[in-house]
Amino acid sequence: MRYIESLNERQKEAVLNTEGAMLVLAGAGSGKTKVITNKISYLIDEKAVYPSSILAITFTNKAANEMKDRVASMLDVRPSWIGTFHSVCSRILRKDIERIGYSKNFVIYDRSDQLTVIRDAVKELDFNSQEYKDTKILPIISKLKGQQINPHDYQKSNYNSIFHRKVGEIYELYEKRLFLNNALDFDDLLIKAVYLLKTEEEVLKYYQKKFQHIFVDEYQDTNGIQYEFIKLLSKGYGNITVVGDIDQSIYGWRGADISNILNFERDFKDSSIVLLEENYRSTSNILEIANNVISYNEERKDKNLFTSNGEGAPVEYHELADNEEEANFVLSKIIELKAEAYKESDFAILYRTNAQSRNFEEAFFKLGVRYRIIGGLKFYDRLEIKDIIAYLKLAINPSDDVAFRRVVNSPKRGIGQTTVDKLTEIAIKNEISLFDVLYVDEFLSNFSKRTENLLKNFRDMMGAIRANAEFLSVKELVEDVIDRTGYIRALEKEDTVEARSRIENVKEFLTVALNFEMTNEDGSIFDFLTQMSLLSDQEKSEDEGDLPSVTLMTVHSAKGLEFPVIFMVGMEEGIFPSSLSIEEGNIEEERRLCYVAITRAEKRLFISSVNLRSMYGKNTYFRPSSFIAEMGDSLEVHKSRANYREYKEEKFISNPFSYTGELNYFKKKPVEKTITKTDDLQVGEKVNHKKFGNGMVVQVKIKDDGDKEYVVAFDTGGIKRLLASISPLERLDG
DNA sequence: TGATGAGCCATTTTT
DNA sequence: TGGCTCATCA
């Protein structure tokens, strides 16, 4: 049978046992996705299960799509109920949420919407906005929601702490606002879905009967409410396969509950366990180090990865002087390995915190090494995009006060803060939405004649958009919004470089809408907005060019990925493990994080720490991470202080690998190149860059050494800083 | 209503 | 260090 041909014994066992509950403990790189997809295919093809009777839950859309693709490539069907917890829940809710008192046109609040609601709540309660900072409060509320602790209980059990009592008040008001705005946050999608299933027998029965087989990927990352969701649904047939790895549980701080996987056997009766320990990704040298480190954890199930991949090169650890040297070390290794036929996309640099990316960025940029940062600037976080989305949200859900506030004066239409404050006051007093205030003449008469007219204009404009939302397609509606609000016209009037870039982004968003329309034939505006909210930023952002580049990211974002060569940088005690985790006694999760990082590597792994690290404008001395000592004897230690400052000058210059051919950075005097003059560009001039394409000079800075730095906004959307002495910029005429 | 500068803060972030 | 927010002033 083709679904088991290429599997090892354990994997076969996991695929062929289709009845009952099964826990697959899958080590890193042990082929868990293959097990899930083959099992789904096997069920459909051999056991005649309808594709729509299979529910498979993942944590990312990317994982969901990969699963769908893999099944489709085997069977030519795409099971539609493969998705994230959140997308599955929103689908269930979109159908039946009216039964629990919400309306079907609910909107989903993303993180920044949530922060806005919290800020407003703190303001309304007149709490200190420093002490009750939105970014501090949000994780608390989210964690509580994940654990299903309501504001009342929270306040009761924390009666002695003023802080927590007040957090409870914010939480309560936050929940109220969301409800009144007809909005659900990410946690609500789960909470309300579970509530719906629990209170509406008919709905529960329907789904219990529908889903004959349930799969959950990354089970170690489920939280309490997610556990309850799958527990409820699986009660119908009891056929549930969960796949996970305790050692890769790195989201405890977000409420993931490791006991879900530890207690699986207890919670699901007559369950079987399959242990996948054969690793197909890494060399045995790499695995040995991973096994060594993780063995120091107490809270785990014994597991030891092995491989038949062979020993490979030793894992190297380099203790370096400072972060600059570290960046140069990485750079020089990349140069070295490139000579051995590795390409840019084979390399990934993993660090504990985003702030650490900077050193590498600078070093790479100077030498023209292509790189991409995961978790960098985000298209969908841009003001203008959020504005357009807010218009759409308000169009389908006039109760959305967050969206209302966002767009009521954007573009500027003379409705200022004072007016909005007054509107808010009326809305709160009468328990209606901001938009509804505009429909009551009595309320409008509170404003000056001029303001009243402005408000009415806004109301009627939104009214027209709302009416059109009924029948226009997604792309047409976006066009309608842009047209009626005069969004682009207002930007055109500004006539600045920045405004022009915003116009480009708005147009780009139109393309996104068009793409959506083409790929989702009967996709409604609801579906579009849901997708916008639920897609992670990484998935949303289009790959900028497809040239191979070195990847820079946090260890967290690296989960689930693999690269031939991994650099684990910043391995210092206090950085990784982070000092906060050490203080809070979360060292085991940090160790798992370390394990995740190690197991991303296929062939080569380089670990580095520095003695002196400058961060936040201060120089601090560090000791090497305690995890280094846990890695064992096979680690090849280099403490010789190979000076990578010296090293780089010779090596880099004699290793020309830069794509644009300019390697003059380290020479004292920039050598004239074939590129036309770049030292007299003015702001506003159009230029061409070999890698980045066409753009416009936005800013010119004269540096201390006399060199000029150009800030250029490229048509592709990126803003780059380029040094006149090395950047291959060409002036474009016209 | 915008521009400017002082002050503040700074893990990890699948949705 | 540097990026962002908020207060203040023109």
Side-chain angles (χ1 to χ4, degrees), chain A residues 57-65 83-90 108-115 119 129-130 133-136 138-139 142-143 145-146 184-190 217-223 225-226 248-256 323 350-359 362 374-375 377-378 380 409-418 494 496 530-540 553-561 570 574-584 586 589-590 592-594 596-597 613-620:
Chain A
I57 296 172
T58 61
F59 271 81
T60 64
N61 292 294
K62 199 176 151 210
N65 287 331
T84 61
F85 270 109
H86 296 86
S87 66
V88 167
C89 287
S90 66
I108 298 168
Y109 275 4
D110 65 16
R111 188 185 140 87
S112 70
D113 296 325
Q114 292 178 287
L115 292 172
R119 269 198 309 274
S129 62
Q130 281 302 95
K133 215 174 158 6
D134 51 2
T135 48
K136 200 160 81 186
L138 178 57
S142 180
K143 203 163 175 179
K145 290 182 78 163
L184 302 184
D185 64 21
F186 290 142
D187 300 308
D188 282 330
L189 291 174
L190 266 301
D217 193 13
E218 307 281 13
Y219 189 66
Q220 76 282 353
D221 288 333
T222 50
N223 64 18
I225 189 80
Q226 290 163 340
Q248 292 189 67
S249 164
I250 55 174
Y251 284 100
W253 52 276
R254 284 199 54 164
N323 34 0
L350 308 185
Y351 34 76
R352 179 66 243 266
T353 66
N354 281 310
Q356 289 166 258
S357 70
R358 189 176 214 101
N359 301 309
E362 281 169 5
I374 307 289
L377 40 114
K378 300 155 187 171
Y380 288 77
N409 200 32
S410 176
K412 303 262 179 301
R413 45 175 80 87
I415 303 174
Q417 195 54 49
T418 329
E494 277 183 40
T496 61
T530 303
Q531 201 180 96
M532 288 296 108
S533 308
L534 295 183
L535 243 52
S536 80
D537 292 301
Q538 283 160 46
E539 292 158 334
K540 284 181 221 168
M553 62 185 148
T554 63
V555 181
H556 280 92
S557 343
K559 189 170 158 205
L561 305 177
I575 302 283
F576 195 174
S578 82
S579 47
L580 274 158
S581 305
I582 300 171
E583 280 163 33
E584 287 169 19
N586 290 336
E589 183 153 314
E590 291 285 307
R592 291 193 290 265
L593 198 53
C594 181
V596 167
R613 178 170 293 280
S614 75
M615 40 185 335
Y616 307 143
K618 266 198 321 208
N619 285 333
T620 317

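Residue numbers start from 1 in every chain, and the chains themselves are labelled A, B, ... in the order their sequence lines are given, proteins ahead of strands.
- A residue-by-residue look at A:Lys559 and A:Lys133 shows that A:Lys133 has its nearest nucleotide of DNA chain B further toward the 5' end.
- Minimum heavy-atom separation, A:Phe576 to A:Val555: CE1-CG2, 3.9 Å.
- Of all heavy-atom pairs spanning A:Ile575 and A:Arg352, the tightest one is O-CG, 3.1 Å.
- In this structure, the CG atom of A:Asp134 is 8 Å from the P atom of C:dC6, given to the nearest Å.
- Between A:Thr554 and B:dT13 there is a side-chain polar atom (N or O) within less than 4.0 angstrom of OP1 or OP2.
- No engagement by A:Ser579 is indicated, since no non-hydrogen atom pair under 4.0 Å with the nucleic acid exists.
- Taking atom NZ of A:Lys143 as the reference point, atom C1' of B:dT11 lies 14 Å away to the nearest angstrom.
- What separates NZ of A:Lys618 from P of B:dC9 is a distance of 14 Å, to the nearest Å.
- Between A:Thr554 and A:Thr353, the shortest heavy-atom distance links the atoms CG2-C, 4.3 Å.
- Remark: C1' of B:dC9 and OH of A:Tyr616 are 9 Å apart, rounded to the nearest angstrom.
- Phosphate proximity of C:dG3 to A:Arg358: present, with a side-chain N or O under 4.0 Å from OP1 or OP2.
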**Report entry** Intermediate values then yes/no, side chain to side chain contact (heavy atoms under 4.5 Å, CB included), A:Asn223 and A:Leu190
**Finding:** CA-CA 10 Å; A:Asn223 64 18; A:Leu190 266 301; 5.5 Å; no

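- By the rule that a glycosidic angle within 90° of 0 means syn, B:dT12 does not qualify and counts as anti.
- Across all their heavy atoms, A:Asp221 and A:Ile250 have their closest contact at OD1-N, 3.9 Å.
- Rounded to whole Å, atom P of B:dT12 lies 15 Å from atom CD1 of A:Ile374.
- Among B:dT14, B:dT12, B:dT11, the nucleotide with an atom closest to any side-chain atom of A:Tyr251 is B:dT14.
- Taking for each of A:Asn354 and A:Lys412 the nucleotide of DNA chain B with the nearest heavy atom, the 5'-most of the two is the partner of A:Lys412.
- Taking atom CD of A:Glu584 as the reference point, atom C1' of B:dT12 lies 12 Å away to the nearest angstrom.
- For B:dT1, the OP1/OP2 oxygens have a side-chain nitrogen or oxygen of A:Asn409 closer than 4.0 Å.
- If you check every strand for non-hydrogen atoms under 4.0 Å, A:Glu590 touches a base.
- Note on A:Thr58: every side-chain N or O is 4.0 Å or more away from OP1 and OP2 of B:dT14.
- Taking atom CG of residue A:Leu138 and atom C1' of nucleotide B:dT11, one finds them 15 Å apart after rounding to whole Å.
- Looking at the side chain of A:Asp221, the nearest of the listed nucleotides B:dT14, B:dT13, B:dT11 is B:dT14.
- Straight-line distance from the CD1 atom of A:Ile575 to the P atom of B:dA10: 15 Å, rounded to whole Å.
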